[in-house]
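Encoded as structure tokens, the structure appears first; notes follow it.
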There are 2 protein chains.
Amino acid sequence: MASKNKELIVELLKSSKLSVTDTRVKILELFLKSNGALEHADFEKLSGKSFDRVTIYRTLQTFLDKGIVHKIPTTDTSVRYAICRSECREHEHHDHHVHFRCEECGSTQCLEETDIPVLSLPKGYDVHNVEVVVSGVCKACH
Amino acid sequence: MASKNKELIVELLKSSKLSVTDTRVKILELFLKSNGALEHADFEKLSGKSFDRVTIYRTLQTFLDKGIVHKIPTTDTSVRYAICRSECREHEHHDHHVHFRCEECGSTQCLEETDIPVLSLPKGYDVHNVEVVVSGVCKACH
DNA sequence: AATTAATTTGCAACAATGTTGCAAAAGTAC
DNA sequence: GTACTTTTGCAACATTGTTGCAAATTAATT
Ligand SMILES: [Mn+2]
Ligand SMILES: [Mn+2]
Ligand SMILES: [Zn+2]
Ligand SMILES: [Zn+2]
């Protein structure tokens, strides 16, 4: 099961034309293990301090560039990342789903099944992307 | 007209039970002058370095607490603030409008006239607040 | 208008977060 | 295994945000 994940991760990296390194594998493992979005500090904690901070920054940036992960907007200074489950894998992100932030447990989740609604903006605005972040109480927190 | 604004600002501060200080007046002036959201660094630049960084942080936090300004979600580490134009003035924020981030000029605007759409989330999720941030090209940038 | 009381400010010191250049290490291709 | 390319870790620095505390400012009272 762990090795199953490992195989999947190696395949993902290769299909993104990225070399397979310990840091990248570990960070992807943490993404797959976690049930919510992660931020930079989480990787330092969860990885047991085994990787340099700079390497984590660079790895996350690489994953962003390759469309392996996406960012989730927040109103604080933290930057949250989640793995892209579905379509988006190549150049552009297509994570057209809603994000949910639980005020109880603090977790941020991708609601893959909840589509972004269609918006009608005032004339003159050219829409490229719509982000929806819902806050409230999640399923697990009742 | 500048003094007209000043009167308005003094009234706003007093109605929020805040004492009228140079920093608070100046920051509110900058909000009213600007046609988009501002972030912390903007106040340092726009005010001509006349106020201490710490004071700006504390002032913005105070304005948040009093419902004078609201935050706008971003995917970078910056925190953007906009003045609350309409209802929300007391305890809670009611800025149920869409925010727009222009990829050309970098400005962030409140689209007060564009309502947040109604969402249907999966069972078990309790919705408290919905944030919508649209990115694209704004009216001014054609 | 002067005194008093409460609030706000600026400074220093610190913590956390993010960036860049560069040499050593690891990965990939041959 | 060797050569070539990419990635990593370290150091050094920049930016952003927080806290305690004394001095300054504002508001309330006489
Ligand atoms: Mn997502
Ligand atoms: Mn707004
Ligand atoms: Zn929860
Ligand atoms: Zn624009």
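Because the structure is a prediction, the values reported are computed rather than measured. Below, chains carry the letters A, B, ... as their sequence lines are ordered, and counting in each starts from 1.
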Qualifying residue, where the test is side chain to side chain contact (heavy atoms under 4.5 Å, CB included) with B:Ile68 and the options are B:Thr59, B:Thr62, B:Leu28 |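 Option passing the side chain to side chain contact (heavy atoms under 4.5 Å, CB included) with B:Ile68: B:Leu28.
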Please report, rounded to the nearest Å, how far the [atom2] atom of [N] is from the [atom1] atom of [X].
| X | N | atom1 | atom2 | value |
| --- | --- | --- | --- | --- |
| B:Gln61 | C:dT9 | CD | P | 14 Å |
| A:Arg80 | C:dG18 | CZ | P | 12 Å |
| B:Phe51 | D:dA24 | CZ | C1' | 14 Å |
| B:Asp52 | D:dA23 | CG | C1' | 13 Å |
| A:Ile56 | D:dC10 | CD1 | C1' | 14 Å |
| B:Lys26 | D:dT26 | NZ | P | 16 Å |
| A:Phe43 | C:dA16 | CZ | C1' | 17 Å |
| B:Asp76 | C:dT19 | CG | C1' | 15 Å |

When you measure from the side chain of A:Arg24, which nucleotide among C:dT28, D:dT8, C:dT8 comes out closest?
->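 Selected nucleotide (nearest to the side chain): D:dT8.
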Among C:dG27, C:dT9, D:dT26, the one nearest A:Asp22 by side-chain distance |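 Output: C:dG27.
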Identify the two heavy atoms, one from A:His40 and one from A:Arg53, that lie closest to each other, and give their separation to 0.1 Å.
->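 Taking A:His40 first and A:Arg53 second, the nearest heavy atoms are NE2-O, 3.5 Å.
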For the helix from C:dA1-D:dT30 to C:dC30-D:dG1, figure out the bend between the end axes, five pairs an end, and round to 10 degrees.
->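 Helix axis angle between the two ends: 40°.
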For [N], does either OP1 or OP2 sit under 4.0 Å from a side-chain N or O belonging to [X]?
| X | N | value |
| --- | --- | --- |
| A:Thr21 | C:dG27 | no |
| B:Thr23 | C:dT9 | yes |
| B:Thr55 | C:dT8 | no |

Could you walk me through whether B:Phe31 and B:Phe43 pass ring pair (Phe, Tyr, Trp, His ring centres under 6.0 Å), step by step?
-> CA-CA 9 Å; B:Phe31 269 121; B:Phe43 296 106; 5.3 Å; yes
Kindly say whether A:Gly106 contributes a backbone atom to a donor-acceptor pair with the side chain of A:Arg101 at under 3.5 angstrom?
->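 Yes, the answer is positive, given that a donor and an acceptor are paired below the 3.5 Å cut-off.
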Okay, side chain of A:Arg24, backbone of A:Ser19: is any donor-acceptor separation there less than 3.5 Å?
->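 Side chain of A:Arg24 to backbone of A:Ser19, a donor-acceptor pair under 3.5 Å: yes, one is there.
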Answer yes or no: is there a side-chain heavy-atom contact under 4.5 Å between A:Ile116 and A:Val98?
->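 A side-chain contact under 4.5 Å exists here.
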I'd like a table of atom pairs between the protein and nucleotides 16-20 of chain D - only N or O on both sides, under 3.5 Å - with the distance next to each one.
| residue | atom | partner | partner atom | Å |
| --- | --- | --- | --- | --- |
| D:dG17 | OP2 | B:Tyr57 | OH | 2.6 |
| D:dG17 | O5' | B:Tyr57 | OH | 3.3 |
| D:dG17 | N7 | B:Arg53 | NH1 | 3.3 |
| D:dG17 | N7 | B:Arg53 | NH2 | 2.9 |
| D:dG17 | O6 | B:Arg53 | NH2 | 3.1 |

Establish whether B:Val79 and B:Val54 are linked, either directly or via other cluster members, by ILVMFWY side-chain heavy-atom contacts under 4.5 Å.
->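 Unlinked, B:Val79 and B:Val54 end up in two clusters.
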Drop me the distance from A:Gln61's CD to A:Asp65's CG, to the nearest 0.5 angstrom.
->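 A:Gln61 atom CD to A:Asp65 atom CG measures 4.5 Å (nearest 0.5 Å).
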Separation of A:Lys71 NZ from B:Thr74 OG1 (nearest 0.5 Å) =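 Reported value, rounded in 0.5 Å steps: 8.5 Å.
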